[in-house]
Asker: 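Sending over a structure as structure tokens; questions will come in a sec.
Every chain is numbered from 1, with letters handed out A, B, ... down the list of sequences. All of these numbers come straight from a predicted model, not from anything done at the bench.
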Amino acid sequence: MYKDTNCGEPRESTVGSQITVAGWVHRRRDHGSLIFIDLRDRSGLLQVVFNPEYSGSAHELAGSLRSEWVVQITGKVVKRLPGAENPELPTGAVELSVTGLVILNRSLTPPFEISDDIDVDDNTRLKYRFIDLRRPRMQKLLRLRHRVTHMMWDFLTGKGFIHVETPILIKSTPEGARDYVVPSRIHPGEFYALPQSPQQLKQLLMVSGVERYFQIARCFRDEDLRADRQPEHTQLDLEMSFVHQDDVMAIVEELYTLIVDETVPGSTISRPFPRLTYAESMERFGTDKPDLRFGMELSTITETAASSDARVFQAVVSSGGTIRGFAAPGCGNYGRRDTDRLVEFAKSSGAQGLVFIAIDESAASIDALEDDHIKSPLKKFLSVDVVKRLANEMGAKPGDLMLIVAGTARLVNTVLSNLRNEMARRLELVDNKDFSFVWVYDFPLFEWDDDLDKWEPAHHVFSSPKKEHMQYLDTDPGKVLADLYDLVCNGEEMGSGSIRIHDKDIQTRVFGVIGYTEDEISERFGQLLTAFTYGAPPHGGMGLGLDRLVAVLAGERAIREVIAFPKTQSAIDPLFEAPSPITDEQLEELHIRVVMPKT
RNA sequence: GGUCCCGUGGUGUAGUGGUCUAACACGCCUCCCUGUCAAGGAGGAGAUCGUCAGUUCAAAUCUGAUCGGGAUCGCCA
């Protein structure tokens, strides 16, 4: 070993010991004859003093040290001079009085400082990710992620789960997201796909009698990126046999509570996790991933709004649309600037517009509302009576701002749920130490796709229809709810699972609703259906996003921050410069010809 | 595929038609300095303002295209 002690370890109790440390020159303070170095390794910082009276040659060499040089230093741990202690550092009571210095490697001046305080462009950070990761914050995130996966291994092992690896090269199944594909050299014109998730494989493992499976599994999707989406992400994938929905939920709830308690000191988490049906969640929050840390629930005000003289409302209703809204507490005094921004925000979510009605705080109550208390661009179309009724329906109080969106149900919900989250941010209603988990369950199995003019799986095709809804499977698929459940935390989807179909006939009927032909079914899912005919146990499980979990635990917005080597929004790795062309020889070997898009 | 924001020395920003021969902070280089810890002091180097085209007597600044980063809708679990 190049060192016998880590930089962060020396304390007053170890004063007098002779140690050797190794690490990076974090900062240099050169006083001419007296030179200070903050030496950094993964454990922290240690102040090192080069004093010519004790270390002539080392001191001379120290004059040449620069940021990020790698050095090995031998010396004696000494107590700092009285008044020279640094309470900011765990090692701040002591310092290393140097007797020997070895320069292990030199460094160019780094493109940016190794400091948490500095805000560097993402492209630069990723290009020099190996330096970016030296920053204490990034080191912390790497370790947090490790702790989380370690707890998953420990906990699930204790519950009788075994970790099984499934292949990365599998078969392309075009439903769901776009596949990443890998050409086959041995089979010209044929391709593997990278798994979007190990779904079918883990179900086969249930048929194999594994009973309790988990995997920290990499999943690949060739879709556009977001702050919370990367081309490859990691899931805690788990599956259990002989279980009902509650059994899966109980395991996950226990694990996630443990993880939050252990990794975020001072966190609050409510148990048992509250549960909402999909229908209730859509009704109250306009989304299937509600943030329960604050109120501002949505209300449907279609009839009342349409009864006003506002033609925008009437038009939307006569074309079958919906009008919904919520009250933003204390925002009744918003000026033009603020409301303009909200309108802009609503439009960026797809709204045609946003109607707001401000109620002045001087109103004694909603019942006592007078014309002077109301401010709205639609004011001349809104009688005091209508505003009163709207306020009552939306739970608005004097001083509040009512935000109203009209349009198709889907659009209204998208806009309002985004707006609700935005208002919570503006009003600072969210606390990062608060982990508000919620189970959303009873999802519909299918949803109608207007573009394709057919039923599509709402989540995935392997979820079991609820027993009492089986009767609608062929007659009214939209009515069929499934034993499908999502885990949501603070407005982010943390994972999704279901009790699976384990019966060949039911699975075939579900495929039939989506419109797969028998040939397509046997081509894509033959192996699973065949397995179902050999004694498949009832089973269910979940896929839980690891990146999102770690990001939520760390209070990070983008999962890029918790992935060691992520890609940019255009799916590029600036460090390796991937993707990249391959040689003509490689193409030939793979039987592939490239056709560039016309520009 | 759409919309929005951003792109100026190594890093982060200021500058929104002429006064820019581009400013500031940090970093970097040289020198001084024995108690600093975001050390201090003195001096210095470093930018054709992402790229291309256009408007103009004149462009970092206006316009268009393009490239790159970010956010988001669609898409995606």
Side-chain angles (χ1 to χ4, degrees), chain A residues 26-39 45-54 59 63 66-68 80-89 91-92 95 97 108-128 131-132 175-179 196-197 199 219-231 233 235 237 288-289 344-351 410-411 414-415 418 422 443 451 457-460 463 484 486-488 492-498 542-545 547-548 557-558 560 567-570 572 574 599:
Chain A
H26 187 65
R27 237 178 276 278
R28 176 180 65 110
R29 292 177 293 278
D30 188 342
H31 287 230
S33 40
L34 199 62
I35 298 173
F36 297 94
I37 298 286
D38 287 337
L39 191 68
L45 292 176
L46 177 64
Q47 173 161 287
V48 170
V49 197
F50 295 86
N51 190 324
E53 289 172 25
Y54 307 120
H59 175 268
R66 293 294 181 273
S67 279
E68 298 308 303
R80 290 200 190 182
L81 296 181
E85 300 90 352
N86 184 351
E88 305 281 308
L89 290 181
T91 59
E95 61 194 11
S97 180
L108 296 175
T109 302
F112 48 86
E113 218 181 313
I114 316 301
S115 155
D116 289 346
D117 306 326
I118 208 161
D119 198 14
V120 186
D121 173 72
D122 266 49
N123 201 35
T124 310
R125 288 180 59 196
L126 292 185
K127 191 165 173 185
Y128 295 95
I131 295 171
D132 191 35
E175 84 283 346
R178 225 172 270 122
D179 281 325
Q196 294 177 27
S197 82
Q199 183 62 35
C219 304
F220 305 85
R221 298 194 177 108
D222 186 4
E223 295 292 346
D224 288 355
L225 284 73
R226 286 286 193 286
D228 62 352
R229 272 192 247 153
Q230 283 273 307
H233 75 280
Q235 277 189 359
D237 192 45
D288 58 2
K289 41 180 181 177
E344 200 52 44
F345 182 87
K347 283 185 176 169
S348 76
S349 288
R410 189 192 153 100
L411 184 72
T414 303
V415 174
N418 284 341
E422 171 69 12
F443 279 80
D451 296 335
H459 267 60
H460 70 62
S463 303
L484 258 164
D486 277 8
L487 180 62
V488 174
E492 292 217 56
E493 185 197 313
M494 305 300 292
S496 184
S498 64
M542 279 197 88
L544 295 139
D547 313 286
R548 284 186 193 175
R557 219 175 125 55
R560 281 189 301 276
K567 310 245 182 323
T568 66
Q569 196 163 78
S570 57
I572 282 168
T599 45

Asker: Show the numbers, then the answer: is there a side-chain contact (heavy atoms from CB on, under 4.5 Å) between A/D132 and A/L126?
Answerer: CA-CA 7 Å; A/D132 191 35; A/L126 292 185; 5.5 Å; no
Asker: Is atom CZ of A/R410 surrounded by more than 12 heavy atoms (other residues, nucleotides or ligands) closer than 6.0 Å?
Answerer: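 Incorrect, the count does not exceed 12.
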Asker: Can you figure out which of B/rC76, B/rG69, B/rC75 approaches the side chain of A/N123 most closely?
Answerer: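 Nearest listed nucleotide: B/rG69.
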Asker: Base, sugar-phosphate alone, or nothing: which one does A/R125 contact when heavy atoms must sit under 4.0 Å apart?
Answerer: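 No contact.
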Asker: Just checking A/S67: base, sugar-phosphate only, or nothing, at a heavy-atom cut-off of under 4.0 Å?
Answerer: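 The residue A/S67 makes sugar-phosphate contact but no base contact.
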Asker: Heavy atoms only, 4.0 Å cut-off, all strands: where does A/R80 land among base, sugar-phosphate and nothing?
Answerer: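 The answer is base, as A/R80 lies within the cut-off (heavy atoms under 4.0 Å) of a base atom.
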Asker: How long is the line joining CD of A/E344 and P of B/rA71, in whole Å?
Answerer: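 Atom-to-atom, A/E344 to B/rA71, this comes out as 19 Å.
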Asker: Report which part of the nucleic acid A/E113 touches: base, sugar-phosphate, or nothing (heavy-atom distance under 4.0 Å, all strands).
Answerer: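 It contacts sugar-phosphate atoms only.
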Asker: Do the side chain of A/R29 and the base of B/rC33 come within less than 3.5 angstrom through a donor-acceptor pair of N or O atoms?
Answerer: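 No, no donor-acceptor pair under 3.5 Å.
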Asker: What about A/E95: does its side chain form a donor-acceptor pair under 3.5 Å with the base of B/rG35?
Answerer: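 Present.
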Asker: Touch check for A/R548, heavy atoms < 4.0 angstrom, all strands: base, sugar-phosphate only, or nothing?
Answerer: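 No contact at all - A/R548 keeps every heavy atom at 4.0 Å or more from the nucleic acid.
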Asker: Counting only Watson-Crick or G-U wobble pairs whose two distances fall under 3.5 Å, which nucleotide matches B/rG64?
Answerer: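 With both distances under 3.5 Å, B/rG64 matches B/rC52.
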Asker: Flag the pair A/D38 and A/R29 as a salt bridge only when some basic side-chain nitrogen lies within less than 4.0 angstrom of an acidic carboxylate oxygen.
Answerer: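 Yes, charged N to carboxylate O under 4.0 Å.
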Asker: At under 4.0 Å between heavy atoms, what does A/N86 touch on the DNA or RNA strands: base, sugar-phosphate, or nothing?
Answerer: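 Base contact - A/N86 has a heavy atom under 4.0 Å of at least one base atom.
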Asker: Taking only the C1' atom of each, what is the distance from B/rA58 to B/rU16 in whole angstrom?
Answerer: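 B/rA58 and B/rU16 have their C1' atoms separated by 16 Å.
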Asker: Need one value for A/R226: base, sugar-phosphate or nothing, where a base atom within 4.0 Å counts as base even if backbone is also close, heavy atoms only.
Answerer: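 Result for A/R226 = base.
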Asker: Under the criteria of a ring-centre distance below 5.5 Å and an interplanar angle below 30°, is A/H31 stacked with the base of B/rA39?
Answerer: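 A stacking contact exists, since A/H31 sits close and nearly parallel to the base ring of B/rA39.
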Asker: Considering every strand and a 4.0 Å limit on heavy-atom distances, what is the contact class for A/Q199: base, sugar-phosphate, or nothing?
Answerer: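 Nothing, no nucleic acid heavy atom in range.
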Asker: Show the numbers, then the answer: is there a side-chain contact (heavy atoms from CB on, under 4.5 Å) between A/D179 and A/D222?
Answerer: CA-CA 6 Å; A/D179 281 325; A/D222 186 4; over 6 Å; no
Asker: Checking all strands, does A/S197 fall into the base, sugar-phosphate, or nothing category for heavy-atom contacts under 4.0 angstrom?
Answerer: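 Here A/S197 touches no strand at all.
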Asker: Quickly, which of A/K127, A/R560, A/K567 forms a salt bridge (charged side-chain N to carboxylate O under 4.0 Å, His left out) with A/D122? Name it, please.
Answerer: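 Answer to the salt bridge (charged side-chain N to carboxylate O under 4.0 Å, His left out) test with A/D122 among A/K127, A/R560, A/K567: A/R560.
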Asker: Partners of A/F345 by ring pair (Phe, Tyr, Trp, His ring centres under 6.0 Å), sequence neighbours excluded?
Answerer: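 With neighbours one apart ignored, the set is empty.
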Asker: Between B/rC73, B/rC75, B/rA71, which nucleotide has the shortest distance from any of its atoms to the side chain of A/Q569?
Answerer: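 Per side-chain heavy atoms of A/Q569, the pick is B/rA71.
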Asker: Choose from B/rU34, B/rA39, B/rU36 the nucleotide whose nearest atom is closest to any side-chain atom of A/R27.
Answerer: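 Output: B/rA39.
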Asker: The side chain of A/D30 lies closest to which of these nucleotides: B/rC33, B/rC37, B/rC28?
Answerer: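 Shortest atom-to-atom distance from the side chain points to B/rC33.
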Asker: How far does the C1' atom of B/rC29 sit from the matching atom of B/rG46, given to the nearest Å?
Answerer: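 Result for the C1' pair: 10 Å, nearest Å.
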Asker: Side chain of A/R221, base of B/rC76: donor and acceptor closer than 3.5 Å?
Answerer: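 No pair found.
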Asker: Checking all strands, does A/D288 fall into the base, sugar-phosphate, or nothing category for heavy-atom contacts under 4.0 angstrom?
Answerer: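 Base, at least one base atom sits under 4.0 Å.
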Asker: Across all strands shown, which nucleotide pairs with B/rU3 by Watson-Crick or G-U wobble geometry, both distances under 3.5 Å?
Answerer: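 Matched B/rU3 with B/rA71 under the 3.5 Å cut-off.
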Asker: Looking only at the side chain of A/D122 (C-beta and beyond, no hydrogens), which of the listed nucleotides B/rC75, B/rA71, B/rG70 gets closest?
Answerer: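 Nearest listed nucleotide: B/rG70.
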Asker: Considering every strand shown, what is the Watson-Crick or G-U wobble mate of B/rU13 when both distances are under 3.5 Å?
Answerer: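 Answer to the pairing question: B/rA23, which forms a Watson-Crick or G-U pair with B/rU13.
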Asker: With nearest nucleotides of RNA chain B determined for A/T109 and A/I572 from heavy-atom distances, which residue corresponds to the more 5′ nucleotide?
Answerer: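 Looking at RNA chain B, the more 5' nearest nucleotide goes with A/T109.
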Asker: Mind checking A/E53 for me? I need base, sugar-phosphate or nothing, with any heavy atom below 4.0 Å counting as a touch.
Answerer: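 Here A/E53 touches the bases of the nucleic acid.
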Asker: Could you tell me how far B/rC28 sits from B/rU21 if I compare only their P atoms? Round to whole Å.
Answerer: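 The same atom, P, in both gives a distance of 30 Å.
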Asker: Ring of A/F112 versus six-membered ring of B/rU11: centres under 5.5 Å and planes under 30°?
Answerer: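 No, A/F112 does not stack on the base of B/rU11.
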Asker: A/H59: which residues meet the ring pair (Phe, Tyr, Trp, His ring centres under 6.0 Å) condition with it, sequence neighbours left out?
Answerer: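 Not a single residue meets the ring pair (Phe, Tyr, Trp, His ring centres under 6.0 Å) criterion with A/H59.
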Asker: Under 4.0 angstrom, heavy atoms only, what part of the nucleic acid is A/S33 near: base, sugar-phosphate, or nothing?
Answerer: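 Base, at least one base atom sits under 4.0 Å.
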Asker: Got a sec: does the CD of A/E223 have more than 12 other heavy atoms crowding it under 6.0 Å?
Answerer: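 More than 12 within 6.0 Å, yes.
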Asker: Assign A/D224 to base, sugar-phosphate, or nothing according to its heavy-atom contacts below 4.0 angstrom with the strands shown.
Answerer: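 Counting heavy atoms under 4.0 Å across all strands, the contact made by A/D224 includes a base.
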Asker: What I want to check is whether an N or O donor and acceptor connect the side chain of A/R229 with the base of B/rC75 at under 3.5 Å.
Answerer: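 Present.
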Asker: By nearest nucleotide on RNA chain B, pick out whichever of A/G32 and A/S570 is the more 5' one.
Answerer: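 The residue closer to the strand's 5' end, by nearest nucleotide, is A/G32.
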Asker: Rounding to a whole Å, what distance do you find between A/Q196:CD and B/rC76:C1'?
Answerer: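 For the pair A/Q196 CD and B/rC76 C1', the rounded distance is 9 Å.
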Asker: Give none if B/rA38 has no partner; otherwise give the nucleotide forming a Watson-Crick or G-U wobble pair with it, both distances under 3.5 Å.
Answerer: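 No nucleotide pairs with B/rA38.
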Asker: Have a look at A/T568 and say if it touches a base, only the backbone sugar-phosphate, or nothing, with a 4.0 Å heavy-atom cut-off.
Answerer: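 Touches sugar-phosphate only.
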